[in-house]
Amino acid sequence: MSMLTTNAGTQSVLPPEYGQLVTKPVEALSVAYLTGTRVVTNAHSYHVPILASDVTVGAVAEGAEITPSDATFNELVVTPAKFGGLTIVSRELADDSNPSAADQIGRSIARMIANSVDNALFNALASPNPSGFASLTGISAVSAPVAYTNLDPFEEAVSLSEAAGGRITHWVTGAATALEIAKLKDASGSNRGLLNPDLSLEGRRTILGRPVVVSPYIPADIVYGISKDDFLVVEREDTRLDVDHSAYFSSDRVGVRGTMRIGFAMPVAAAHVRITNAAA
């Protein structure tokens, strides 16, 4: 649930029906939401059960008693971190009831939050940022050559993920690495690219049938293979869009603040793969 509030004495700053101005653009702009499974909670922390050992099953003679056994569970606890953005706008823009004006305000804040979320996802940042793939213990690893000549590292990555019970659904890398891979040809002397186009989105390529997503927050020479089912984006329900007229009263401007609480959970770390170029 998203909320929009204003300070006392304000009639209406943004139409209340635009309470989703923060949540929806962040979901659209963030690579985390594109590659992960969104989970919404109203609790302070979200508990993810992890099956540590299965129930014992075996052949049993007809009429014989089945020996009971228990499955063992561990638990991953995720506390979503607060991401916040603040923008200062003119009173004319803030009071505009036109949806396009409200959309501009919301998307400005959403861009800041989405960028911060993706930065935390792919880089080891200090608290209070949530831990992401860069600091994930147990993630599968593949070494790639300094210069890519084929898709063997990606075949290996798919195999490692499958061995851990995962299924890679997206490749995420930086623009330079994506370009290097996109230049690969299907044969020596050929001008035909080795990668296939993604028919679901014009201009995007696929590797082994999985879409390639480019993020500016991936360190150079690194590619992540992400298993969507094994990557949870935990979102608290208390997303807010607050408006204040008092702080910038002397300049006749309005402060618009958006806050959103997000955390990451990777219950099966080995289902995800980090491909590291030897140059890294």
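- The closest side-chain heavy-atom distance from E75 to V77 is below 4.5 Å.
- For K183, the NZ atom is loosely surrounded, since the number of other residues' heavy atoms within 6.0 Å does not exceed 12.
- Here the side chain of N115 pairs a donor or acceptor atom with the backbone of R111 at under 3.5 angstrom.
- Although no hydrogens or angles enter the test, the distance criterion places a donor-acceptor pair under 3.5 Å between the side chain of S69 and the main chain of T56.
- Between F231 and F133, the ring centre distance stays below 6.0 Å.
- N277 contributes no side-chain N or O that, together with a main-chain N or O of I222, makes up a donor-acceptor pair within less than 3.5 Å.
- The six-membered or imidazole ring of H272 lies away from that of Y224, with a centre-to-centre distance of 6.0 Å or more.
- Side chain of S127 to backbone of N129: no donor-acceptor contact under 3.5 angstrom is found.
- Of the possible polar contacts, one joining the N123 side chain to the N119 backbone as a donor-acceptor pair under 3.5 Å is found.
- Between A178 and V214, the shortest heavy-atom distance links the atoms CB-CG2, 3.8 Å.
- Enclosure of atom CZ in R274 by more than 12 non-hydrogen atoms of other residues, nucleotides or ligands within 6.0 angstrom is indicated.
- Heavy-atom minimum distance, D70 versus V55: C-CG2, 4.4 Å.
- Summarising the local packing, CD of E65 is surrounded by 12 or fewer heavy atoms from other residues, nucleotides or ligands at distances under 6.0 Å.
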*Could you walk me through whether T79 and S45 pass side chain to side chain donor-acceptor pair (under 3.5 Å), step by step?*
CA-CA 4 Å; T79 302; S45 296; 2.7 Å; yes

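- The minimum heavy-atom distance between V89 and V256, with the atom names listed, is CG2-CG2, 4.1 Å.
- Using a distance-only test at 3.5 Å, with no hydrogens or angles considered, a donor-acceptor pair links the side chain of K228 to the main chain of G36.
- Side-chain contact annotation: S227 with D229, donor-acceptor N/O pair under 3.5 Å absent.
- Through direct or indirect side-chain contacts shorter than 4.5 Å among Ile, Leu, Val, Met, Phe, Trp and Tyr, I50 is connected to V39, Y46, V48, L76, V78, L232, V234.
- A271 and S161 make their closest contact through O-OG, 2.6 Å (heavy atoms, listed as atom of the first residue, atom of the second, distance).
- Taking CD1 of I113 as the reference point, atom OG1 of T239 lies at 7.5 Å (rounded to 0.5 Å).
- Aromatic rings from W171 and F154 are positioned such that their centres are separated by under 6.0 Å.
- Although no hydrogens or angles enter the test, the distance criterion places no donor-acceptor pair under 3.5 Å between the side chain of S159 and the main chain of E155.
- A salt bridge is defined here as a Lys NZ or Arg NE, NH1 or NH2 lying under 4.0 Å from an Asp or Glu carboxylate O, and E235 with R38 meets this definition.
- Shortest non-hydrogen contact noted between R257 and L86 is CB-CD1, 3.9 Å.
- Looking at L195 and L184, their side chains never come closer than 4.5 Å, going by heavy atoms from C-beta outward.
- Nearest heavy atom pair, residue S131 against residue S135, reads CB-OG, 3.6 Å.
- In terms of modelled atom types and a separation under 3.5 Å, the side chain of K82 and the main chain of P128 share no donor-acceptor contact.
- One N or O on the side chain of D118 and one on the backbone of V31 form a donor-acceptor pair closer than 3.5 Å.
- A heavy-atom distance below 4.5 Å is not found between the side chains of F122 and P216.
- The backbone N or O of L208 sits less than 3.5 Å from a side-chain atom of R210, completing a donor-acceptor pair.
- Cluster annotation: F83 is not connected to Y217 through the hydrophobic network of ILVMFWY side chains, with a link wherever side-chain heavy atoms come within less than 4.5 Å.
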